[in-house]
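Predicted, not measured: the structure shown is a model, and the values here were computed from it. The sequence lines fix the lettering, A, B, ..., with proteins before strands; numbering per chain opens at 1.
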Amino acid sequence: MEDIIFYDRLQFAFTITFHYLFPQLTMGLSLIIVYFKWKYLRNKVEEYNNAAKFFMKIFAVNFTMGVVTGIPMEFQFGTNWAKFSELTGGIIGQTLAMEGMFSFFLESSFLALFIFGEKLMGQKLHFLTGFLVFLGSWASGYLILATNAWMQHPVGFEILENGKYVLQNFSELFKNPWLIPAFLHNQLASMVTSSFLVASIGAFYILRNKNVNYGKLFLKTGVIFGLASSLLVAFPTGDWNAKNVAKFQPASFAAMEGIFETENAGAEIVLIGQPNMCEKKLDNKIAVPNVLSFLTYQDWDKQIKGMDQFKKEELPSNIPALYYSYHIMVGLGTIFITVMFFAVFLLWRKKLYTFKPLLWVLFFLIPFPYIANITGWYTAELGRQPYLVYGLLKTIDGVSPTVSSGNTLFTLLGFVALYLLLGLLFLVLVGKTIHQGPNQKH
Amino acid sequence: MEVYWFIIIAVILAIFFILDGYDFGTGIIHLFFAKKENDKEVIAKAAGLFWDSNEVWLVVAGGMLFMAFPTYYASVFSGFYLPLIIILWLIVFRAIGLEFRSQFTYEMWKNIWDASFGVSSLLLAFFFGVGLGNIVRGVNLGGFENGISKYENHFFFLPLWDSSFSPLTTHPGVLDWFTVIIGFISVVTLAIHGANWIIYKTNSSINKKLKKVIFKLTIVLIVLTFLSLLVWVKINPNALDNFKNHLLLLIFPIIYFVGLFGLLNIKKFKNEITGFILSTLVILGGITSTLASLFPVILPSIHKEIESLTIYNTAASSYGLSAAFVWGIIGIILMVIYLIVQKRLLKGKIDNHDYGH
């Protein structure tokens, strides 16, 4: 049965992964742009204004990519997951339609004004347009997370006799206990990506000995924002999310932590190890006893249910992928905190701009926050399997009943080809913008 | 509530085709009539400035449809799987053309961006028209054959074409000679609309020539309109019943024909926006007339045994529709206000502006 939906799942996974390369940057970057523009209003140093405009150029390219890869996401709910759309549209259609209406609208409209309207509007209005772009992009994150939160932990609905779900309470959608922790965690993760990008471009300019004054500004801003967001993304927001998973999706929690057997006392936390699905154990495991129980329940001896306590149908369908996604995210997060601590320490000792090894590290680190963001989302989405709406609707029951897998493979191949081309053009364009630099003279 | 939401979504779709329609049309004109580099540049710019904020209306329409008529959304989007995905790809190609044109400015690259922009605009206009044609003609709901439905009766799947290529078979495809006519109507209408936009927004050297083009295309459009009406009445003998029963609805076809025949005087207009307003009326009247004639059906079934999809049997719960009505109205008002502010701020000819670049 699983093969029928294989290409549908692969197409959604591929297109959403590619799509999310862009919003994860724009959401965080919009806040940093607002910061630069605000500093410029305060101190009138031209470099801050140029920095804001430079990053808005990078924002714009990413935003365009986000738009053209985002429309297919909305469409695919209907094209490939028709049964799911039919059942849930009356509920999560609310938040999804609000996203298009309020946030996407704010972003696209005021982005155009920010880019084309500085001379027309004057500085204060220009700042305001930048702020509205930020507001739009964060509202977008909020409403998409509200949609996803309902799929992770459905609330505020009832099931009619004919099997249809109907909305019972609109405000419950926003009071979902899953929503706020997930939203904050996601936005901070987006801040990590964008501050690492700012720091990376800064390191590049210094190493390249070009636009050095901007290099220093970017590096300083990047590492300070980077340290703050790397810390906050782990604690309290990451911690908060893990507790939610333990509470609402205990089977997924056991799988992502790699706990095969329930222990009598406190559960250990697994640092490294490979899931062996035949023998139901972790190979080459390195673990610290009792720590997971403490982190989850602040009690060293509290029992945590392992995968042996759940029926096979309740467990996530791809346990190794879930386990690795989660551990890659956590591992990278730990590395980010370490690097940024060191960078801020050097900044404080006034040695950051001259300590080349760290500049190289910061320069080359840029793909990794993207990987951490994507694996974080994989953790959430693989953890929800085999359900589309947790506990309510299985993924297999949400697929379009009339679209054959041959047709889906055809469109999947088309998307792969098109997105490869798009990705290539994107890299060239961003590279060109970085190469031109923030100086307005060119 | 269903009726209100039907009207809201119809208005949003109409605004989308009016706004992004001039982008498509600009692309078509760009493809066939812009020869000098100067003209090409300013014409691409006339479309490129706003395409993403125009596309917002498509995203909003999609989201609203998902929320208010989930069964319809599910049925239509999976049933028209291939043409919809092709439209998505074309949207990407159009964006590539528009966004990269100003970035990679060598002659060789520019030709690629121009082709990408022009061809995808042309095909988008065509496929949106074909889509409308399909909704008018109806589909084989339930995959009905020999008295048995293959799927639940509100689902269907259409191949791109059926070997007979006819709208009168029991299982027509996406493309048949009727939907292709509607596709051409869409291309011609949007080309006129785009040409009017170029005349209004730019000082391109082909503006004079475009007026002649609009005149000729308007005659083509009049012929195609009557041709399609004849065919439509043949496919669906009840097509005009709504207008007979509710004379007030005749306002929509009147809007269409005022715009259409008004455009015949294109060469005499002193004010450059007049043509654009008239082609706006054509689009507005065309879409609203079509929807009014179908109402309350939104996807006819071609077999009598199977119920057509209507706004009533596909809508979400009335509680959900009421809740969304509040924020929906606020949202639309905000979007319209912004649209007005945007057009005011960036009024006048595009080539006269230096947008702080």
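- Contacts of F102(A) with chain B are made by side-chain atoms alone, with heavy-atom separations under 4.5 Å and no backbone atom involved.
- Contacts with chain A were tallied for A324(B), A316(B), G143(B), A68(B); A324(B) has the most, counting heavy-atom pairs under 4.5 Å.
- Separation of atoms OG (S109(A)) and CG (L334(B)) is listed at 10.0 Å; rounding is to 0.5 Å.
- Note on G70(A), G90(A), A60(A), A112(A): by heavy-atom pairs under 4.5 Å with chain B, the leading option is G90(A).
- When all heavy atoms of G78(A) and F77(B) are compared, the closest pair comes out as C-CB, 3.4 Å.
- Heavy atoms of other residues, nucleotides or ligands lying less than 6.0 angstrom from NZ of K343(B) number more than 12.
- Partner of E86(A) under the side-chain contact (heavy atoms from CB on, under 4.5 Å) criterion, out of F155(B), F69(B), Y72(B): F155(B) alone.
- Comparing L160(A), N169(A), T88(A) by heavy-atom pairs within less than 4.5 Å of chain B, the highest count is held by N169(A).
- Other residues, nucleotides and ligands contribute over 12 non-hydrogen atoms within 6.0 Å of the CD atom of Q123(A).
- G93(A) and F66(B) get closest at one heavy-atom pair: CA-CD2, 3.6 Å.
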Show your reasoning for whether side chain to side chain contact (heavy atoms under 4.5 Å, CB included) applies to F104(A) and V60(B).
CA-CA 9 Å; F104(A) 182 35; V60(B) 172; over 6 Å; no

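- Contacts of F80(B) with chain A are absent, with no heavy-atom separation under 4.5 Å from either backbone or side chain.
- Aromatic rings from F77(A) and Y73(B) are positioned such that their centres are separated by 6.0 Å or more.
- Residue contact with chain B, scored on non-hydrogen atoms closer than 4.5 Å, involves the side chain of L421(A) exclusively.
- Here the closest non-hydrogen pair linking E74(A) and G62(B) is OE2-C, 3.5 Å.
- Between V56(B) and S108(A), the closest heavy-atom pair is CG2-OG, 3.1 Å.
- Contact of M98(A) with chain B is made through backbone and side chain together, with heavy-atom distances under 4.5 Å.
- Of the two parts of V403(A), the backbone and the side chain both hold a non-hydrogen atom closer than 4.5 Å to a non-hydrogen atom of chain B.
- Residue with the most contacts toward chain A among V341(B), I332(B), V92(B): V92(B) (heavy-atom pairs, distance under 4.5 Å).
- The neighbour count for Y7(A) OH, taken as heavy atoms of other residues, nucleotides or ligands under 6.0 Å away, does not exceed 12.
- Options M121(A), E99(A), K83(A) differ in how many heavy-atom pairs under 4.5 Å they form with chain B, and the most are formed by K83(A).
- The CD1 atom of I85(B) sits 10.0 Å away from atom CZ of F410(A), with the distance rounded to the nearest 0.5 Å.
- Taking CD1 of I91(A) as the reference point, atom CE of M67(B) lies at 12.5 Å (rounded to 0.5 Å).
- V68(A) and A95(B) make their closest contact through CG1-CB, 3.3 Å (heavy atoms, listed as atom of the first residue, atom of the second, distance).
- With a threshold of 4.5 angstrom between heavy atoms, T408(A) approaches chain B through its backbone and through its side chain.
- For the residue pair T411(A) / Y81(B), a side-chain donor-acceptor distance below 3.5 Å is found, with atom types taken as modelled.
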Could you go step by step and tell me if F93(B) and L422(A) meet the side chain to side chain contact (heavy atoms under 4.5 Å, CB included) rule?
CA-CA 9 Å; F93(B) 274 114; L422(A) 203 54; over 6 Å; no

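- Within the 4.5 angstrom heavy-atom criterion, only side-chain atoms of L418(A), from C-beta onward, approach chain B.
- Under a 3.5 Å cut-off, the side chain of Q94(A) and the backbone N or O of G320(B) do form a donor-acceptor pair.
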Full working for ring-ring contact (aromatic ring centres under 6.0 Å, His included) between Y338(B) and F110(A)
CA-CA 9 Å; Y338(B) 173 76; F110(A) 290 97; 5.4 Å; yes

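- Annotation: maximal heavy-atom pairing with chain B below 4.5 Å, among G100(A), P401(A), S400(A), occurs at P401(A).
- With a 4.5 angstrom heavy-atom cutoff, L339(B) does not touch chain A via any of its atoms.
- If you measure heavy-atom distances from F63(A) to chain B, the contacts under 4.5 Å come from the side chain alone.
- Between A74(B) and A82(A), the shortest heavy-atom contact is CB-O, 3.1 Å.
- I330(B) contributes atom CD1, which lies 10.0 Å from atom CE of M101(A) (distance to the nearest 0.5 angstrom).
- For chain B, the option among V166(A), N407(A), V67(A) with the highest count of heavy-atom pairs below 4.5 Å is N407(A).
- Atom CZ in F100(B) sits 5.0 Å away from atom CG in L429(A) (nearest 0.5 Å).
- Within 6.0 Å of OH on Y4(B) lie no more than 12 heavy atoms contributed by other residues, nucleotides or ligands.
- Contacts of E158(A) with chain B are absent, with no heavy-atom separation under 4.5 Å from either backbone or side chain.
- Ring centers of F105(A) and W57(B): at least 6.0 Å apart, outside the cut-off.
- Of the atoms belonging to Q168(A), it is backbone heavy atoms, and not side-chain ones, that fall under 4.5 Å from chain B.
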Run the side chain to side chain contact (heavy atoms under 4.5 Å, CB included) test on T79(A) and S78(B) for me, step by step, so that the C-alpha distance in whole Å, both residues' side-chain angles and the decisive distance to 0.1 Å come before the verdict.
CA-CA 4 Å; T79(A) 53; S78(B) 61; 5.7 Å; no

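- Contact count versus chain B (heavy atoms, under 4.5 Å) is highest, among T95(A), L96(A), I71(A), for I71(A).
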